[in-house]
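Here's the structure we're looking at; comments come further down.
Both ligands and their constituent atoms are indexed starting at 1 by order of listing.
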Amino acid sequence: MRDTWYPVLESKRLGRRPVGITRLGRELVLWRDARGQPVAQDAACPHRGADLSRGRVVGGCLECPYHGMRFAADGACVRVPCEGKARPIRADLRVKGYAVRESLGLVWLWWGEHRSELPPLPWNHELPGVGAGTCTATLTWNVPFARVMEGNLDLHHFPFAHRRWALGMGTWLDPYTARLEGDVIHTHGVLREDDGKPWDGRSGFAAEIKVLFPHLVLARFGGLTQALIAATPIDAEHTWVVFRYRNGLPIVGGLVAWFLVRSELWLIQPEDYALLRDSAPRHPSREDFHLVRADAGIALWFRLYERRLEAQPR
Ligand code: FES
Ligand SMILES: [Fe+2]
């Protein structure tokens, strides 16, 4: 999906050394300029293609490990050691760069047409930051982006896919609502015992999942726990996922968030991963599914996805 801000790296992973990552099908190098601002550029050196992420940052510029050419944050080559300092540098010797911003402990990259004024970071005031009561982890999955988002919108898999941890959780998703407001899919559901009666307003496991299309998920469980899940395509087959829990309990909130993140990493996510990785086809459209009422949020996501893909230049 073009014209979107994607989180691409945790801020704390970007220090003095350049970092090489693949996101959105591109090999990128991330580094910090003299003011500490993040910079994202194509990882292939424009001279003869060496991997710039193996270079170093010198004097606020990125130095290629192969012949020592230096590139400024704006992409211009500012030094070609083998030519001597006096010789002018050809103007087309530039590395392509991408707009990046840093917020909420994440580096965000603008994937789309360059504009003089870029839109603000999505949901910047709504997403949990890195303060007290939060814990963050990242995953690299061999699962295409759309499949990851499909999994994020799924509530009724829980008592089956995670049956070992869902002791006593009901299998009936009722009530369940999914609606679209602009680019936001709102879903709310209660998993409870299938007693055939109207919901009493209390029983069962209630969850609220909001997705800012295409890639940001904000989930709420009970009154105190909030989860952010953000997915960024690495390439057509792989996805980078960052998830963050925030718990509002005084003093122990951070510990609860840590515990929730660890249980996701060690217990829950491996189960989701195995199922999503092996689901067929790997790149489904809505026609490949036989969706039921409890999949209404997923249906909305795929509707937006297919519409956007059609509108986008290939
Ligand atoms: S390949 Fe980078 S300086 Fe030669
Ligand atoms: Fe799951």
Side-chain angles (χ1 to χ4, degrees), residues 18 20 27-29 31 39 41-59 61-72 75-85 87 89-90 92-97 137 139 141 143 146-167 169-171 173 176 187 189 191 205-209 211 217-221 225 227-231 239 241-245 260-279 294-295 297-298 301:
E27 309 288 334
L28 303 170
V29 57
W31 53 283
V39 179
Q41 293 167 331
D42 277 339
C45 176
H47 173 225
R48 276 168 39 206
D51 179 359
L52 288 169
S53 74
R54 297 194 201 174
R56 54 182 193 147
V57 178
V58 192
C61 293
L62 180 61
E63 184 185 88
C64 179
Y66 205 1
H67 312 99
M69 294 187 191
R70 285 189 194 168
F71 300 91
C77 182
V78 294
R79 189 159 176 235
V80 181
C82 59
E83 303 278 33
K85 286 199 183 102
R87 199 180 175 98
I89 296 171
R90 48 187 291 185
D92 62 347
L93 187 55
R94 296 182 63 85
V95 60
K96 180 178 159 57
L139 293 165
W141 272 8
V143 178
R147 281 282 187 191
V148 170
M149 292 309 300
E150 174 201 332
N152 284 335
L153 272 155
D154 191 315
L155 275 174
H156 59 109
H157 75 290
F158 210 94
F160 296 94
H162 308 301
R163 85 170 61 234
R164 285 185 294 167
W165 327 111
L167 300 175
M169 185 182 269
T171 58
L173 188 63
Y176 176 68
T187 75
L191 275 166
F205 173 80
E208 185 193 325
I209 299 177
V211 171
V217 183
L218 206 49
R220 235 177 267 274
F221 315 101
T225 304
L228 155 71
I229 308 165
T239 307
V241 183
V242 47
F243 58 97
R244 173 175 298 156
Y245 270 93
L260 289 169
V261 163
R262 289 296 126 186
S263 23
E264 286 276 0
L265 272 186
W266 293 333
L267 313 174
I268 312 269
Q269 297 292 334
E271 295 174 335
D272 288 310
Y273 178 48
L275 286 162
L276 290 169
R277 183 195 55 211
D278 301 336
S279 289
D295 298 319
I298 293 170
W301 192 89

(message) Checking the side chain of T239 only, and the main-chain atoms of W141 only, is there a donor and an acceptor separated by less than 3.5 Å?
(response) no

(request) Dump the intermediate steps for side chain to side chain contact (heavy atoms under 4.5 Å, CB included) on D42 and V29, then the final yes or no. (result) CA-CA 6 Å; D42 277 339; V29 57; over 6 Å; no

(request) Assign the ring pair F221 / F205 to parallel, tilted or perpendicular, where the plane angle (0 to 90°) is split at 30° and 60°. (result) parallel

(request) Would you give the length of the straight line joining atom CG of L139 to atom OH of Y273, rounded to the nearest 0.5 angstrom? (result) 9.5 Å

(request) Identify which protein N/O/S atoms are less than 2.8 Å from atom 4 (Fe) of ligand 1. (result) H47 ND1, H67 ND1

(message) What protein N/O/S atoms are there under 2.8 Å from the Fe ion (ligand 2), waters excluded?
(response) H157 NE2, H162 NE2, D272 OD1, D272 OD2

(request) Please confirm whether the backbone N or O of G297 pairs with a side-chain atom of D295, one donor and one acceptor, at under 3.5 Å? (result) no

(request) Give the ring-plane orientation class for F243 versus Y245, where under 30° counts as parallel, over 60° as perpendicular and anything between as tilted. (result) perpendicular

(request) Determine yes or no for a side-chain-to-main-chain donor-acceptor pair under 3.5 angstrom, with D51 supplying the side chain and S53 the backbone. (result) yes

(message) Using a 3.5 Å distance criterion without hydrogens, assess whether the side chain of T187 forms a donor-acceptor pair with backbone atoms of I209.
(response) yes

(message) I'd like to know if the side chain of E264 and the backbone of R244 have a donor-acceptor N/O pair within less than 3.5 Å.
(response) no

